Amino acid sequence: MQPVYLDFNATTPVAPEVLDAMLPFLREEFGNPSSAHMLGQRAHLAVDTARSQVAALIGASADEIVFTSGGTEASNMAIRGAATTRRDRPAVVTTNIEHPATEACCSLLERNGHRIRRVAAKADGRVDLAAMKDAISADTALVTIIHAQNEIGTLQPVGDTARHAHSAGALVHADAAQSVGKMPVRVNELGVDLLSIAGHKLYAPKGIGALYVRRGVRLPPLLVGAGQERGNRAGTENVAYIVGLGEACRLAAAALDRAPQHMASLARHLFAELERAIPGIVLVGHPTERLPNTLNVLFPGVSGRHLLAVCPGVLASNGSACHADSEEPSAILLALGISREKALGTVRLSLGRASTPEDADAAAAHLAAAWRALRQTTPQRVAI
Ligand SMILES: Cc1ncc(COP(=O)(O)O)c(C=O)c1O
């Protein structure tokens with residue numbers, strides 16, 4: 001029997017339609033978009049079409065999309081670029097539950113003399129809006145905030161933060177790597193100036209992404225060279241992957257009227273099944289302000305890593321890092337004030353568009369059986 005894949009926040013498979021759209025650009029349509037001849041112009045047109053498809057998914061204009069190698073590069077371009085364009089404003093405001101792609105940029109800026117204010121998330125995984133507002137002032141060049149937290153799925157108050165940041169004259173970047181494609185994300189509703197997209201979270205391949213840059217906002221490029229992407233990102237375009245991202249965005253847009261509800265109802269069902277089988281199981285993060293597909297659950301009395309190790313029927317993640325002879329819990333869960341011991345017991349279960357009720361039932365049964373087995377066999381060793 002195939003294991004149930006519940007790790008769609010880590011990555012998604014490439015959708016068959018995406019692969020079909022890409023293949024001609026790896027075969028006969030191999031032109032360089034900068035070439036003036038017919039083959040080059042067809043590649044150019046394909047890149048333009050993909051740009052419009054990405055823009056359409058987030059309610060932007062095509063000329064506001066810059067293709068990148070993924071979410072990490074998009075966030076590097078946004079954060080490092082925006083922070084350094086305003087020499088009169090040395091501060092950057094962020095949260096203490098960012099993805100490393102953001103946190104590492106902020107730490108780098110900090111080492112270079114910028115002031116970084118990390119606003120703490122509350123126990124429910126949302127940052128406190130009042131604390132966010134307090135942190136933003138006339139010295140703030142940029143506010144960078146994760147839209148949907150990758151480990152716990154909690155949604156942050158991006159819209160309210162952006163309104164306040166703009167009134168203080170700061171730019172706003174949202175890391176929407178996890179939310180784009182899973183739920184409606186519209187740049188004008190969020191009110192952001194910059195927004196990161198990661199292709200492999202929405203059924204495009206790994207190694208492609210995009211940055212939304214609001215018209216009028218100028219960022220220094222990370223890569224300079226022959227001036228592709230209107231000078232924003234030099235290097236011959238990765239045409240096939242760009243086409244794949246465009247098609248993935250088209251598919252995501254077409255599924256938005258049903259996929260979020262489908263995943264949310266499966267996630268509710270999965271958690272209800274787990275609750276029935278495992279007394280004391282806890283859902284981490286905000287109960288309603290969350291991604292529709294993500295459950296971060298705290299299995300009582302066991303290590304989440306051990307649980308997954310003895311549960312080959314479910315492919316999922318837990319945020320802990322394994323060192324030589326110890327296990328370090330996820331820094332995100334610790335930031336929410338969850339104790340070390342409890343944080344070690346969490347597992348992230350993330351569903352996909354094509355997940356089924358049978359997947360949820362099977363996963364709940366496998367996880368419950370593994371939890372019972374762990375509790376019975378080695379309660380001292382695994383109990384935490
Ligand atoms: C919230 C978030 N931001 C950024 C990234 C980085 O994206 P990429 O893997 O495309 O560089 C990820 C991927 O794990 C993510 O979950």
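The structure displayed is predicted, hence computed values, not measured ones. Both counts, for ligands and for their atoms, begin at 1 and track the order of listing.
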Handout entry: Sorted by chain and number, the residues that approach ligand 1 to under 4.0 Å with a heavy atom
Key = Gly70, Gly71, Thr72, His99, Ile146, Asn150, Asp175, Ala177, Gln178, Ala198, His200, Lys201
Problem - Gln156 to Ile145 - nearest heavy-atom pair and separation - result: CB-CD1, 3.8 Å
Practice task
Give a yes-or-no answer on whether the side chains of Glu110 and Ser107 include a donor-acceptor pair shorter than 3.5 Å.
Solution key: no
Practice task
Look at Asp134 together with Arg117 and state whether they make a salt bridge at an N to O cut-off of under 4.0 Å.
Solution key: no
Practice task
Apply side-chain contact (heavy atoms from CB on, under 4.5 Å) to Tyr203 and Arg353, showing your working.
Solution key: CA-CA 10 Å; Tyr203 305 87; Arg353 279 206 299 257; 3.6 Å; yes
Problem - Point-to-point distance, once rounded to the nearest 0.5 Å, from OG1 of Thr161 to NE2 of His147 - result: 10.5 Å
Problem - Check ion pair Glu229-Arg51 (N to O, under 4.0 angstrom) - result: yes
